[in-house]
Amino acid sequence: MLDIRFIRENAELVEQKAKQKGFDVNIPHLLEMDEKRRDLLKEVEDIRAQRNTLAEQLRSAKPSEEQVEQGKALRQKMSDLEVSLKPIEKEFTNLLGTVPNIFPDDTPLGGEEANSEERKWGDKADKDFEVVDHVSWGEQRGLLDFERGAKVAGNKFYFTTGSLVQLEMALSQMAIEFVIKQNFVPMLVPHLVNSRVIDGTGFTARTKEEEQIYKIEAEDLNLIATAEIPLTAYHADETLAEKDLPKLYAGYSPAYRKEAGAYGKHSKGLYRVHQFNKVEMYVFCKPEDSEKWHQKMVELEEKFCQELAIPYRVVRIAAGDLGAAAYKKYDVEYWSPVDKSYRELMSCSNVTDYQARRLNIRYRDGSGGTNYVHTLNGTLAATSRLIISIIENYQTESGKVSIPIALRPYMGGQLTL
RNA sequence: GGAGAGAUGCUCGAGUGGUUGAAGAGGAUAGUCUUGAAAACUAUUGUGCCGGCAACGGUACCGUGGGUUCGAAUCCCACUCUCUCCGCCA
């Protein structure tokens, strides 16, 4: 959510940025509702003031017939006004909620194709044999079972088996130890959250196609699509002390995603599934520090890839690919020897105060005033995709996959899969 | 899941229809005193929205949402959460 005052003063900018993000928002209509709302609010408050004055006069005295009538009239007037205010207020709030965050001017414009490569790392030289894709590789060895996943739950569900389970857990453990060393507080979080939290974090779908969140029938509960969701809401409605910022958390949880609109290419195997496990970094900080933390978090993502020796590149996300909440976003993409291209592995966003406003997360600044915090989220380890990147990059001609050196201590010294 | 109790400001806690934005205590901040500190004393100590350059004014907020009333923290209804006891259970 943006500050309505900011929108009032920068209507054209906000509208232009929204368009460039690919969002269709009607700012003039929003401002019209805003004005209507404020006019009515003024009237309501005037009546309330009159009512309060009357009540003041009657505080101890017995009210006269006439005064009771006067009071009744005021009440009627007020409830009439409130009735007309309600739909306007509602429309206003809805409209305001649809306005996406702005983004800095140095953001590449356009969709996914406009994402710009910032830097790359690692050896992506062709191997002198044909690298087998992870699905064939995993299914041949009985380590991945999509067929039974489909039987038991449906398409895009799967069973992970045997040594791949160990790999998965080794990755998680390495990631957790990694973040602890970086002073992030590790967290296990609720996997189900109420709808206010879904809304407040900006995960509410605009269209059926974009629907990402699984809902629990007949309950106000939703499966989380990332630990970012409960971690953001962790401090909802709180005013944090300046000295306690930044707050650094790392959530480990499964991510449940409908992926309703996602089909076609890149949808095979573990790359896009309805459920995977993830270690997610999350930062609450002062507005002036968020850019610094954003850079730092991307740096950590890269460091993690480097420790695993997975070739990657960092991509600056273009306006049209930012989504509603993000102000600035980088993706880390691993090199896929199978596809001969880079594929998304991690994502790191600075959402500025967009989520903090919705969830009312503030801090008390030096002067005693309050201000919204900035929040940032970044993947450290989406284990399913990391597993793909390891199977592909660490495959040997014999078909064996050697274990990255950094992971070996977590796998009892095992050398290959 | 059943029965009961409760939810008030930074914290504890008073308040069951009208000078209550809210007593009192603690904490915090500032000042006086002191060589310094402590103690003591004094003062300050909410947030959102609307209007205003500002000083300030208006309004809302005592778990949440409705209702009764001229007037609600206080009465009524529903919901949420917490605690105690019982049941079930990894």
Side-chain angles (χ1 to χ4, degrees), chain A residues 1-9 11 30-97 99 188-200 215-222 230 233-245 247 253-254 284 287 353-373:
Chain A
M1 185 166 76
L2 289 182
D3 184 359
I4 183 62
R5 276 170 296 196
F6 179 83
I7 299 177
R8 270 181 224 145
E9 284 157 24
L30 170 65
L31 291 179
E32 194 189 314
M33 284 298 120
D34 176 43
E35 222 176 295
K36 268 194 187 171
R37 169 185 145 264
R38 279 189 293 164
D39 287 348
L40 271 171
L41 208 59
K42 183 93 188 73
E43 285 187 54
V44 171
E45 286 187 359
D46 282 348
I47 305 274
R48 279 184 189 150
Q50 288 178 42
R51 187 200 55 179
N52 288 347
T53 313
L54 181 65
E56 185 105 354
Q57 290 165 3
L58 300 181
R59 206 177 281 140
S60 45
K62 272 255 183 286
S64 70
E65 196 90 339
E66 194 187 335
Q67 285 167 317
V68 170
E69 283 313 308
Q70 198 186 340
K72 279 187 178 168
L74 283 173
R75 189 172 66 201
Q76 186 57 47
K77 236 195 228 172
M78 204 168 70
S79 82
D80 287 350
L81 281 171
E82 278 167 353
V83 164
S84 41
L85 180 60
K86 214 162 201 170
I88 291 169
E89 192 91 45
K90 194 173 171 198
E91 188 172 357
F92 168 76
T93 311
N94 287 344
L95 282 170
L96 185 60
V99 180
L188 295 176
V189 300
H191 299 174
L192 294 163
V193 298
N194 62 39
S195 43
R196 183 209 172 195
V197 169
I198 296 293
D199 233 34
K215 293 177 174 47
I216 303 294
E217 199 181 342
E219 307 236 16
D220 183 25
L221 287 172
N222 307 268
Y234 183 69
H235 285 303
D237 297 319
E238 292 182 24
T239 302
L240 305 168
E242 187 175 19
K243 66 173 169 48
D244 293 335
L245 295 176
K247 294 240 181 217
S253 80
F284 297 83
D353 59 5
Y354 195 81
Q355 291 173 333
R357 269 178 201 285
R358 288 190 181 216
L359 286 170
N360 193 26
I361 309 168
R362 293 173 295 166
Y363 74 101
R364 201 168 297 282
D365 62 31
S367 64
T370 59
N371 194 9
Y372 291 102
V373 298

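Labels below follow one simple rule: chain letters A, B, ... track the order of the sequence lines, proteins then strands, and each chain is numbered from 1.
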Say you pick atom [atom1] in [N] and the same atom in [M]; how far apart are they, in whole Å?
N: B:G24; M: B:A14; atom1: C1'; value: 7 Å
N: B:G4; M: B:U68; atom1: C1'; value: 28 Å
N: B:G63; M: B:A72; atom1: P; value: 16 Å
N: B:G6; M: B:U45; atom1: C1'; value: 28 Å
N: B:G26; M: B:U42; atom1: P; value: 12 Å
N: B:G13; M: B:U19; atom1: C1'; value: 23 Å
N: B:C89; M: B:G46; atom1: C1'; value: 44 Å
N: B:U47; M: B:U8; atom1: C1'; value: 15 Å

May I ask you to decide whether A:Glu242 forms a salt bridge with A:Arg364, counting only side-chain N to carboxylate O separations under 4.0 Å? no
A:Arg362 bridged to A:Asp237 by N-O distance under 4.0 Å: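 Salt bridge: no.
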Please check the phosphate of [N] (OP1 and OP2 only) for any side-chain N or O of [X] closer than 4.0 Å.
X: A:Thr239; N: B:C10; answer: no
X: A:Arg364; N: B:C10; answer: no
X: A:Arg362; N: B:G48; answer: yes

Quick one: label A:Arg8 by what it contacts on the DNA or RNA (base, sugar-phosphate, nothing), any heavy atom closer than 4.0 Å.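 If one applies the 4.0 Å heavy-atom cut-off, A:Arg8 turns out to touch the sugar-phosphate alone, with no base involved.
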Describe the nucleic acid contact of A:Arg5 in one word from base, sugar-phosphate, nothing, applying a heavy-atom distance below 4.0 Å. sugar-phosphate
So which one's nearest nucleotide on RNA chain B is more toward 5', A:Gln67 or A:Asp3? A:Asp3
Rounded distance (Å) that lies between atom [atom2] of [N] and atom [atom1] of [X]:
X: A:Phe92; N: B:C50; atom1: CZ; atom2: P; answer: 8 Å
X: A:Tyr372; N: B:C49; atom1: OH; atom2: P; answer: 6 Å
X: A:Met33; N: B:C49; atom1: CE; atom2: P; answer: 21 Å
X: A:Glu82; N: B:C49; atom1: CD; atom2: P; answer: 19 Å
X: A:Ile361; N: B:U47; atom1: CD1; atom2: P; answer: 18 Å
X: A:Ile47; N: B:C70; atom1: CD1; atom2: P; answer: 17 Å

For residues 67-74 of chain A, run the donor-acceptor check on the side chains, cut-off 3.5 Å, and write out each pair with its distance to 0.1 Å, sequence neighbours left out.
residue : atom : partner : partner atom : Å
A:Gln67 : OE1  : A:Ser64 : N            : 2.9
A:Gln67 : OE1  : A:Ser64 : OG           : 3.2

For the side chain of A:Asp353 and the backbone of A:Tyr372, is there at least one donor-acceptor N/O pair under 3.5 Å apart?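 Judged by distance alone, no pair lies under 3.5 Å.
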Whether A:Asn194 side chain and A:Leu221 backbone form a donor-acceptor pair below 3.5 Å: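 Checked: no pair found.
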Do any side-chain atoms of residues 2-9 of chain A form donor-acceptor pairs under 3.5 angstrom with protein atoms, and if so which ones, sequence neighbours left out?
residue : atom : partner : partner atom : Å
A:Asp3  : OD1  : A:Arg5  : N            : 3.1
A:Arg8  : NE   : A:Asp34 : OD2          : 2.6
A:Arg8  : NH2  : A:Asp34 : OD1          : 3.4
A:Arg8  : NH2  : A:Asp34 : OD2          : 3.4

Looking only at heavy atoms, what is the nearest atom pair of A:His191 and A:Pro254, with distance?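 What the structure gives for the nearest pair is CE1-CD, 3.1 Å.
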Protein-nucleotides 78-81 of chain B N/O pairs closer than 3.5 Å?
none

A:Ser253 OG to A:Leu188 CG distance, which is reported to the nearest 0.5 Å: 9.0 Å
Would you compute the distance between atom CG of A:Leu40 and atom NZ of A:Lys86 and round it to the nearest 0.5 angstrom? 14.0 Å
Side-chain contact test, heavy atoms from C-beta onward, threshold under 4.5 Å: evaluate it for [X] versus [Y] and give yes or no.
X: A:His235; Y: A:Leu359; value: no
X: A:Ile198; Y: A:Val193; value: yes
X: A:Pro287; Y: A:Tyr363; value: yes

Checking contacts here: which listed nucleotide (B:U47, B:C49, B:G71) is nearest the side-chain heavy atoms of A:Ala55? B:G71
Base-contact (B) and sugar-phosphate-only (S) positions in nucleotides 54-69 of chain B, heavy-atom cut-off under 4.0 Å, - elsewhere: ----BSS-----S--B
Going by atom type alone, with no hydrogens or angles, which donor-acceptor pairs under 3.5 Å involve a side-chain atom of residues 43-53 of chain A and a protein atom two or more places apart or on another chain?
residue : atom : partner : partner atom : Å
A:Asp46 : OD1  : A:Lys42 : NZ           : 3.3
A:Arg48 : NH2  : A:Glu82 : OE2          : 3.1
A:Thr53 : OG1  : A:Ala49 : O            : 2.7

Dot-bracket for RNA chain B, 5' to 3', Watson-Crick and G-U pairs with both distances under 3.5 Å, [ ] for crossing pairs, | for partner on another strand, reads ((((((((.[[[..)..(.....]]]((((((.......))))))((((((....)))))).[[[[[..)....]]]]])))))))....
